[in-house]
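Notes for the one structure printed next.
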Number of protein chains: 4
Amino acid sequence: MWFRVDYHSGVPIYEQIKERIKEAILKGEFDDSNPVPSVRELAKALGVNVNTVVRAYREFEMEGFLRAQPGVGYFVGDVERLREKILCDKLQQLSLLLKELRDLGFSKEDALRILEDAWRGEVR
Amino acid sequence: MWFRVDYHSGVPIYEQIKERIKEAILKGEFDDSNPVPSVRELAKALGVNVNTVVRAYREFEMEGFLRAQPGVGYFVGDVERLREKILCDKLQQLSLLLKELRDLGFSKEDALRILEDAWRGEVR
Amino acid sequence: MWFRVDYHSGVPIYEQIKERIKEAILKGEFDDSNPVPSVRELAKALGVNVNTVVRAYREFEMEGFLRAQPGVGYFVGDVERLREKILCDKLQQLSLLLKELRDLGFSKEDALRILEDAWRGEVR
Amino acid sequence: MWFRVDYHSGVPIYEQIKERIKEAILKGEFDDSNPVPSVRELAKALGVNVNTVVRAYREFEMEGFLRAQPGVGYFVGDVERLREKILCDKLQQLSLLLKELRDLGFSKEDALRILEDAWRGEVR
DNA sequence: GTGGTCTAGACCACT
DNA sequence: GTGGTCTAGACCACG
């Protein structure tokens with residue numbers, strides 16, 4: 001697969017895997033001709049224990065964003081709900097963060113500048 | 001002191017203490033007539049072990065935001081540097097968050113609305 | 001490990017541990033085939049409590065000279081920065097010490113002799 | 001008296017007092033017409049507890065550098081021995097420090113430059 | 001009273 | 001196995 005785990009970030013490896021899988025799902029990188037990699041395949045590609053990948057997938061399954069089909073593999077679930085959930089989380093973070101900045105004496109004008117910068121940057 | 005620790009949040013208690021002390025320092029709640037509570041005093045008030053408070057205070061000391069005076073107590077250090085450090089951290093978070101929202105298809109106009117809301121809200 | 005703590009020196013044990021680890025890092029004694037000893041291992045070898053070793057390691061981590069990898073172990077960090085920091089500290093000490101000797105009536109010639117002696121001695 | 005204690009240095013106050021008294025003795029600032037200040041006098045001048053000054057003086061007495069004359073005051077003792085003791089201590093420190101610098105890869109030439117600087121500076 | 005250090009245990013999450 | 005956190009005690013030096 002197309003990423004590497006960071007053993008020194010403090011972030012649990014299974015969380016890093018979840019994050020990357022989540023991004024790939026949102027970008028629509030998985031479909032019938034390009035399925036979610038199997039547990040063993042991904043574990044081998046990342047040089048990581050199989051259990052670590054299993055945990056990442058299982059947690060996604062519980063949240064409804066992957067469906068396990070025993071003996072076959074994992075398939076993407078409700079992408080749109082995933083997108084909405086993430087968007088909702090991020091918006092709450094944004095609102096909280098802005099209020100904190102305001103309380104720290106940060107000006108609305110400077111915040112506006114940063115906002116403009118974000119939308120001016122290229123899409124990764 | 002005037003807060004309670006959450007034993008079930010997963011956030012280490014000493015981090016919770018650091019967070020609250022940090023807020024209080026930023027609000028200028030500590031001075032000569034209203035000093036930082038002693039480790040034993042705070043530990044007792046929170047129903048927490050002394051060592052847990054000691055750790056929170058010591059980390060602040062290493063970062064230069066509290067000064068320990070053995071046999072006397074803890075005193076606030078460089079408040080302005082603390083404020084700048086926090087502001088810098090928050091701005092990085094903001095920039096990252098905005099880019100993620102953009103990549104999720106969120107419109108600049110909606111982001112602007114949230115920004116306006118934040119500065120319209122009352123200062124706590 | 002290969003040293004013993006001195007319980008009666010007045011120097012905190014975790015400081016003694018930091019000092020020895022620092023020397024070992026500077027000498028390049030740690031790498032992938034010879035990793036930093038685990039906290040439990042070192043604590044047992046020194047006959048010291050685990051927490052005491054943990055404190056020594058954690059302070060090094062906060063200073064950037066060790067990196068903790070939960071579930072795996074500690075690894076050496078930025079050795080070169082460590083070397084520079086120590087050199088800087090020692091040079092300040094040297095400058096101060098020489099001025100004190102001068103003020104005590106010590107002659108430059110005698111100081112030169114001691115300097116020559118130091119560089120004539122063998123490298124340990 | 002002519003100095004202030006630093007409550008935030010971590011160095012015990014009685015040690016700071018000893019250090020300053022030691023310097024004054026070495027500079028010959030005390031004689032019959034200019035005696036060592038009384039315990040109460042010094043304590044008041046420094047805004048410090050009497051016991052703290054008593055401790056500093058008593059330790060000097062045990063080392064033979066001050067003599068207590070009950071009901072009268074303290075008088076300077078064997079100044080020359082004090083000077084020799086300090087010189088000896090500093091020389092050991094110097095030798096040790098130079099060897100450490102050498103082991104850190106510091107060049108003799110650079111050390112020489114620092115030495116020259118020290119004797120070029122003015123006497124305080 | 002204050003902070004500073006240390007011990008002997010314990011439980012947790014991660015690999 | 002690893003590190004991370006926490007507790008309940010203890011003793012010390014300082015003011």
Side-chain angles (χ1 to χ4, degrees), chain A residues 5 7-17 43 46-56, chain B residues 5 7-17 35-44 46-59 61 66-75, chain C residues 5 7-17 35-44 46-58 61 66-75, chain D residues 5 7-8 10-17 43 46-56:
Chain A
V5 294
Y7 286 97
H8 300 300
S9 69
V11 180
I13 293 177
Y14 74 90
E15 291 281 8
Q16 296 181 38
I17 295 175
L46 299 180
V48 153
N49 193 292
V50 175
N51 291 324
T52 306
V53 180
V54 167
R55 174 162 182 181
Chain B
V5 295
Y7 287 94
H8 304 97
S9 68
V11 180
I13 296 176
Y14 76 90
E15 291 281 9
Q16 298 180 38
I17 296 174
V36 181
S38 81
V39 285
R40 280 174 180 76
E41 186 186 340
L42 185 53
K44 195 176 165 192
L46 299 179
V48 152
N49 190 280
V50 175
N51 289 323
T52 306
V53 179
V54 165
R55 173 161 183 189
Y57 278 23
R58 192 171 49 218
E59 295 203 355
E61 193 191 2
L66 282 183
R67 280 171 304 141
Q69 192 171 327
V72 183
Y74 276 90
F75 297 85
Chain C
V5 295
Y7 286 95
H8 304 96
S9 69
V11 180
I13 296 177
Y14 77 89
E15 290 282 9
Q16 297 180 38
I17 295 174
V36 181
S38 81
V39 285
R40 282 174 179 76
E41 186 186 342
L42 185 53
K44 196 176 165 191
L46 298 179
V48 151
N49 190 280
V50 176
N51 288 324
T52 306
V53 179
V54 165
R55 173 161 182 188
Y57 278 24
R58 191 171 48 216
E61 194 191 2
L66 283 182
R67 279 172 304 140
Q69 193 170 326
V72 183
Y74 277 90
F75 297 85
Chain D
V5 294
Y7 286 97
H8 301 301
V11 180
I13 294 177
Y14 74 91
E15 291 280 8
Q16 296 181 38
I17 295 174
L46 299 179
V48 153
N49 192 292
V50 175
N51 291 324
T52 306
V53 180
V54 166
R55 174 162 184 182

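Throughout, a chain's letter reflects where its sequence line sits, starting with A, and its residues are numbered from 1.
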Original post:
Which string of ( ) [ ] | and . matches DNA chain E, if you list each base 5' to 3' and count Watson-Crick or G-U pairs only when both distances are under 3.5 Å?
Top reply: ||||||||||||||.
Original post:
Quick one: side chain to side chain contact (heavy atoms under 4.5 Å, CB included) partners of D:T52, sequence neighbours excluded?
Top reply: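 In terms of side chain to side chain contact (heavy atoms under 4.5 Å, CB included), with neighbours along the sequence ignored, D:T52 is linked to D:I13, D:Y14, D:I17, D:V48, D:N49.
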**OP:** Just jot down the side chain to side chain contact (heavy atoms under 4.5 Å, CB included) partners of C:Q69, sequence neighbours excluded, or say none.
**Re:**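 By the side chain to side chain contact (heavy atoms under 4.5 Å, CB included) rule, C:Q69 matches A:Y7, A:H8, C:V72, C:F75.
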**OP:** With rounding to the nearest 0.5 Å, note down the distance linking CG in B:L66 to CD in B:E59.
**Re:**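 With rounding to 0.5 Å, CG (B:L66) is 11.5 Å from CD (B:E59).
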What integer distance in Å separates [X]:[atom1] from [N]:[atom2]?
| X | N | atom1 | atom2 | value |
| --- | --- | --- | --- | --- |
| B:K44 | E:dG3 | NZ | C1' | 18 Å |
| C:H8 | E:dT5 | NE2 | P | 18 Å |
| C:L46 | E:dT7 | CG | C1' | 15 Å |
| C:Q69 | F:dG4 | CD | P | 11 Å |
| C:Y57 | F:dG4 | OH | P | 12 Å |
| C:R58 | F:dG3 | CZ | P | 13 Å |
| C:L66 | F:dG4 | CG | C1' | 16 Å |

Subject >> Footprint string (nucleotides 8-15 of chain E, 5' to 3'): B base within contact, S backbone only, - free, heavy atoms under 4.0 Å >> reply: BB----BS
Original post:
With sequence neighbours left out, what residues match B:E61 under side-chain hydrogen bond (donor to acceptor under 3.5 Å, both in side chains)?
Top reply: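 Listed in chain order: nothing, the list is empty.
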Subject >> For B:R58, side-chain hydrogen bond (donor to acceptor under 3.5 Å, both in side chains) partners two or more places apart >> reply: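 In terms of side-chain hydrogen bond (donor to acceptor under 3.5 Å, both in side chains), with neighbours along the sequence ignored, B:R58 is linked to no residue.
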**OP:** Would you indicate, yes or no, if F:dG4 has its OP1 or OP2 atom less than 4.0 angstrom from a side-chain nitrogen or oxygen of C:Y74?
**Re:**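 Yes, within the criterion.
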Original post:
Any idea which of F:dG3, F:dT5, E:dG4 is nearest the C:V54 side chain?
Top reply: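 Minimum distance to the C:V54 side chain belongs to F:dT5.
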Subject >> Within-4.5 Å side-chain heavy-atom neighbours: C:Y57 and C:S38 >> reply: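 In short, these two side chains do not touch, never coming nearer than 4.5 Å.
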Original post:
Of all heavy-atom pairs between C:P70 and C:A68, which one has the smallest distance, and what is that distance?
Top reply: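 Closest pair (atom of C:P70, atom of C:A68, distance): CD-O, 3.6 Å.
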**OP:** Can you see which heavy atom on B:V50 is nearest to which on B:R40, and at what distance?
**Re:**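 Where B:V50 meets B:R40 most closely, the heavy atoms are CG2-CG, 4.4 Å.
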